[in-house]
Amino acid sequence: VCSSDLLMGVMLLQEEAFDEVLHGSPWQERVLVHQATGVIMARLHLPATEALSLLRAHAFASGTDTVAVARRLVEGGDTSCLPGTGGGRS
């Protein structure tokens, strides 16, 4: 593990620094994708690799990028990427 990665991890654990660290950084997009993967894992009882694959497949099929789909799922509650949900919001 690179020391800068370790430092970033410690900073992310400090809630008051969380928004400052992520705002406008490439980490913000990664966090969204990981959060969306977690949502899919929890709702569909899937392992992380399958949940991430489902997220990416939905992005590909809808002609958009993975970050945009993740943002809709995490911030807006759009569950259209989850099978059996009928789309829409939860």
Side-chain angles (χ1 to χ4, degrees):
V1 174
C2 178
S3 62
S4 64
D5 290 340
L6 183 58
L7 177 61
M8 181 62 72
V10 169
M11 291 176 70
L12 291 176
L13 292 175
Q14 300 174 359
E15 188 163 338
E16 62 275 358
F18 187 76
D19 289 336
E20 185 178 323
V21 170
L22 292 180
H23 185 70
S25 77
W27 285 94
Q28 189 172 24
E29 292 180 349
R30 294 183 90 174
V31 168
L32 275 171
V33 170
H34 287 291
Q35 286 176 333
T37 300
V39 168
I40 294 169
M41 289 170 62
R43 291 190 185 172
L44 299 180
H45 308 287
L46 294 173
T49 54
E50 289 181 31
L52 180 58
S53 293
L54 181 63
L55 183 68
R56 288 178 173 164
H58 179 72
F60 179 79
S62 63
T64 189
D65 63 279
T66 304
V67 174
V69 173
R71 182 173 285 115
R72 287 196 313 265
L73 179 60
V74 171
E75 295 177 355
D78 181 356
T79 59
S80 63
C81 66
L82 305 180
T85 62
R89 304 201 181 281
S90 60

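Numbering starts at 1 and runs along the sequence shown. Model, not experiment: these values are computed from the prediction. Any value given below was found using the heavy atoms of this structure, including those in side chains, with hydrogens, waters and symmetry copies removed.
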Let me have the donor-acceptor pairs involving side chains of residues 62-71, under 3.5 Å, with sequence neighbours excluded, atom names and distances please.
residue : atom : partner : partner atom : Å
Ser62   : OG   : His58   : O            : 2.9
Ser62   : OG   : Ala59   : O            : 3.3
Asp65   : OD2  : Val67   : N            : 3.2
Asp65   : OD2  : Ala68   : N            : 3.1

Between Met41 and Ala51 the two heavy atoms that sit nearest each other are CG-CB, 3.5 Å
Which heavy-atom pair separates Leu32 from Val74 by the least distance, and what is that distance?
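It is O-CG2, 3.8 Å.
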Show the numbers, then the answer: is there a side chain to side chain contact (heavy atoms under 4.5 Å, CB included) between Ile40 and Leu73? CA-CA 9 Å; Ile40 294 169; Leu73 179 60; 3.8 Å; yes
* To do: Check whether Leu44 and Val39 end up in the same hydrophobic cluster, where Ile, Leu, Val, Met, Phe, Trp and Tyr are linked by side-chain heavy atoms less than 4.5 Å apart.
  => yes
